[in-house]
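Working notes for the structure below.
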Amino acid sequence: MSNRTDRDIEINGVPASAEPRPGQCLRTFLREQGNFGVKKGCDGGDCGACTVHVDGTPVHSCIYPAVRAGGHAVTTVEGLAPTSGALHPMQQQFLDRQGFQCGFCTAGMVMTAATFDEEQKADLPRNLKGNLCRCTGYRAIADAVCGEAAHGESSHPDPAGPGSGTAGEGQPELRPGQLGDDVPAPAGLAIVTGTASFTLDVPASELPGLLHLKLLRSPHAHARVLSIDATEALRIPGVAAVFTHEDAPAQLFSTAQHELYTDDPDDTRVLDDIVRFVGQRIAAVVADTVASAEAGVRALKVEYQVLDAVFTPQDAMRPGAPLVHGDKDAATARIGRPERNIVAELHSELGDVAAAFAAADFIHEQTYRTQRVQHTALETHAAIASIDDGGRLQVRTSSQVPFLVRRTLGRLFGLPEERIRVVAGRVGGGFGGKQEVLTEDIVALAALKLRRPVQLEFTRTEQFTASTTRHPFTIRLKAAASQAGQLTALQLDVLTNAGAYGNHSVGVMFHGCGESLAVYNCANKKVDAHAVYTHTVPSGAFRGYGLSQMIFAIESAVDELAAGIGMDPMEFRRRNMVREGDDMLSTHPDPEEDVLYGSYGLDQCTRLVQDALERGRERYRDAALDDLGPDWVTGEGSALSMIDTVPPRGHFAHSKLRLLPDGSYQVDVGTAEFGNGTTTVHAQLAATALSTTAGRVTVRQSDTDLVDHDSGAFGSAGTVVAGKATLAAAEELAVRIRAFAAGIRQVQSSGCVLEGDAVVCEGTRVPLSELYDAAAAAGVELSAAGHWGGTPRSVAFNVHGFRVAVNTGTGELRILQSVQAADAGVVVNPRQCRGQIEGGIAQALGAALYEEVRVDDAGRVTTDILRHYHIPSFADVPRSEVYFADTSDKLGPLGAKSMSESPFNPVAPALANAIRNATGVRFAELPIARDKIYLALKEAGRIPSRH
């Protein structure tokens, strides 16, 4: 019998060791009690990552007062299993079906689904509406909840599938758990049990004296800070310090992180006395609790001189416009023309565009616009800085680029890199948003000043108002074609909105104007592009890095050209897309020297999508006629994309492998894991080279103490750069192991073969554990290192197709069929790669249909919580067919290519083309929301009359 009183809170069958504070929510109380499986994703009951059970009923603990749990039994994911060491059936199903990617939302999903009966499982769109996932696209989650395996929507032209047979000439024979196998994620068990360690999942005992930092942010779009009075703030109990621009280093830097820091303008200070957007940090308050720090922020008194501001790039480029960074020297800060608010610009012409237009049979002109989109990773930006016993700065952060963060902190604070250690735990989603320094610099400043651990965690509102977004593009496009189906001219005037700071704006502009044009053979191409400062929330790196915006315009125009000359759009694409051996030309007369066709599968991808749409034509025709009614029209559309597999100008990785005493292997890599699946890929690549299974390879990663350097997990480089380094290390270690075994067996190394947990030397098995002991006795470490510099680079291709139905009376859109074909080379892990593609499709659908960071006339972000910013929920995402081209890339590790960013890129234009095919109306601005569809159809006279 329980002795629980009405005030006692029982957590996983054990009484809580403390009472909740007044006003405390159940989520923070549970985390303070060490239940780190309870996640923070939204602050407002919108995402479900914090779901727990109260007397068996699922609740969002972030909006459930902790005091209300008194007298009740609270169950978190850590206590869900009926017995210690076992798994609840729902946990087992998520583990078996890998119903996760980054895993940050998974505990909440499991807790919600664990209460479902069969009737609820039959209606997941309704019953999972309170749980959001940004990574998976929900198909894997549906399979996990319902206990179903995938039903073959992922396939390959070869029935045997990718990676079957051998890994290629000269490669070892493949075994289960190697290349091409659906190896489970190594962190799977920890994810489904809530024990995977994300950034802030650190016990209080490991951070004695922890302080919390909160930021005062600007209410003005442009102002000078004249004074900050911290007197009242410092009187608040628990407040340890207040930091302002007077305490910050004078060094300018960019929050953007690249291998070459000179790729971005140095236009930012840790704390500045000039604010350039609503939400910019002004001062930092550090206190012993979050509540005290927040009270300290409210107590600060700031005197501002409000300055004129400019909010659109068109206005910002006009003579006499308010200057965003007019105080900076162009050469020193690497800003294009600060006196005109221009971060960077590009002007290029290949051939004679004017003559091509004069001779054209058909010309299409249109202005295309793409909007701001938030990454909305469910784990917000967060970091903890501390000083270790040796006086070294330690930073634990939610970052895609820990080594580059270390370099930036060294530049800012004048510290040698060996005096800084940066660690990324498991990262709860990235999508480019965590290729920035947005928290690490300010907690480092506080920790260095106070010599105590300091933690900063962004709220969801801060994510929307004070981190970064996708760059909005305005693209004035003019394109021409001949009646014979030749693309004869492309002219683009591109304007990108950098926001208040130029982080990533240079690279996004140049990259956007790269592969989007290079994928088509066209003798006449002209580009004029400008990245422009405005007094708005900064733009940054986002999945696709400029390509998705440009591809939306170009692929929409391709369909219009095809319609104008009466040709099938896919046939028009085939006639003009690059073929293996063609020069890939965008804005330069010569192709990039280090970009090669490592393999070519674009032709296969177009055929796979076209064949799938043709099969679906009959399948969905009857469904449309039977279910939709007379006001509905249907159509199909497609789009293609190409992407370089590695960022330009060098992307570096270093990997170490060693044999362990038990005969297994350990891999050390620098790249981070945030649902991109690189942990599994590294284990599989090493296992293949070492003729063992992935289960015998453990991976340590994203710690600057482990390896020499890693440029980071961005630009889809986790497999093709870091993976190449791991493969090189594994191949070298295999040689060393065989040579050492040959020495102790006194045979030729050619007679020694690695086989699972042993070396077979001329028929005699030598267990690797015995080999380790022999090497240790001889003072030999059986280890190896591998490096890769990111060049030469290959290209990857994606083609997407949709079949849609549109209600001409209401503007409602239904996706009847979604299909994507990908040229990923040899697919290292098909289930994992399919998940990347499905997640990219889901995120792209959100950007195509409803996601938009809205900024008002005063520069304020108004979509600052999840319920005001619609990301796809379970009900919004169709199940997509996924196909892989049958290629093997000669540049990638064992034939593999990258496949993280690229699935996003062709989705929006394919959808717009399908809607155009159904309705006859071209939508040239994203998002294509239902109200926009209705109004456009009404304007075009397509709304049916009512009698």
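Every heavy atom of this structure was used, including side-chain atoms; hydrogens, water molecules and symmetry mates were not.
Within the 3.5 Å criterion, the main-chain N or O of Ser292 finds a donor-acceptor partner in the side chain of Thr289. Using modelled atom types, no side-chain atom of Glu457 and backbone atom of Gln455 make a donor-acceptor pair closer than 3.5 Å. Distance alone, capped at 3.5 Å, is enough to place a donor-acceptor pair between the Gln98 side chain and the Ala185 backbone. Thr408 contributes a side-chain N or O that, together with a main-chain N or O of Leu404, makes up a donor-acceptor pair within less than 3.5 Å. Arg470 places no side-chain N or O within 3.5 Å of a backbone atom of Val373 that could act as its donor or acceptor partner. Although no hydrogens or angles enter the test, the distance criterion places no donor-acceptor pair under 3.5 Å between the side chain of Gln701 and the main chain of Val669. Of the possible donor and acceptor atoms, none in the side chain of His212 sits under 3.5 Å from a partner among the backbone N and O of Val286.
Side-chain rings of Phe904 and Phe542 approach one another, their centers coming within less than 6.0 Å.
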Stepwise side-chain contact (heavy atoms from CB on, under 4.5 Å) check, Val667 with Lys656
CA-CA 6 Å; Val667 182; Lys656 293 179 181 177; over 6 Å; no
Run the side-chain contact (heavy atoms from CB on, under 4.5 Å) test on Leu866 and Arg460 for me, step by step, so that the C-alpha distance in whole Å, both residues' side-chain angles and the decisive distance to 0.1 Å come before the verdict.
CA-CA 8 Å; Leu866 277 175; Arg460 180 56 59 185; 4.2 Å; yes
Take Asp441 and Arg281 through the test salt bridge (charged side-chain N to carboxylate O under 4.0 Å, His left out) and record every step on the way to the result.
CA-CA 12 Å; Asp441 57 330; Arg281 51 165 93 150; 2.8 Å; yes
Test side-chain contact (heavy atoms from CB on, under 4.5 Å) applied to Val422 and Thr397, step by step:
CA-CA 7 Å; Val422 178; Thr397 177; 3.7 Å; yes
side-chain contact (heavy atoms from CB on, under 4.5 Å), that's the test. Do His504 and Gln435 meet it? Break it down for me.
CA-CA 9 Å; His504 295 286; Gln435 194 189 337; 3.4 Å; yes
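For the pair Gly56 and Thr115, the tightest heavy-atom approach, listed with the atom from each and the gap, is O-CG2, 3.8 Å.
For residues 418-454, no residue pair satisfies the ring pair (Phe, Tyr, Trp, His ring centres under 6.0 Å) rule, not counting sequence neighbours.
At a cut-off of 3.5 Å, with distance as the only test, a side-chain donor of Thr199 or Glu379 sits close to an acceptor on the other residue. Side chains of Thr57 and Asp55: a donor-acceptor N/O pair is absent below 3.5 angstrom, by distance only. A donor-acceptor contact under 3.5 angstrom links the side chains of Thr680 and Gln832, judged on distance only. In summary, the side chains of Lys129 and Ser873 do not present any donor paired with an acceptor at a separation below 3.5 Å, with no hydrogens or angles considered. Between the side chains of Gln374 and Thr469, no donor N or O sits under 3.5 Å from an acceptor N or O. Using modelled atom types and a 3.5 Å distance limit, the side chains of Ser655 and Thr726 yield a donor-acceptor pair. No hydrogens or angles considered: nothing links the side chains of Glu851 and Gln843 as a donor-acceptor pair under 3.5 Å.
Here the side chains of Ile141 and Leu128 are in contact, with some heavy-atom distance below 4.5 Å.
Exactly one of Ile384, Leu450, Leu456 qualifies for a side chain to side chain contact (heavy atoms under 4.5 Å, CB included) with Leu211. That residue is Leu450.
For the pair Arg31 and Phe198, the cation-pi criterion (under 6.0 Å, within 45° of the ring axis) is not fulfilled.
Remark: Asn503 pairs with Glu436 by the side chain to side chain donor-acceptor pair (under 3.5 Å) rule, at least two apart or across chains.
Ring orientation note: the planes of Tyr869 and Phe464 are tilted relative to one another, at an angle of 30° to 60°.
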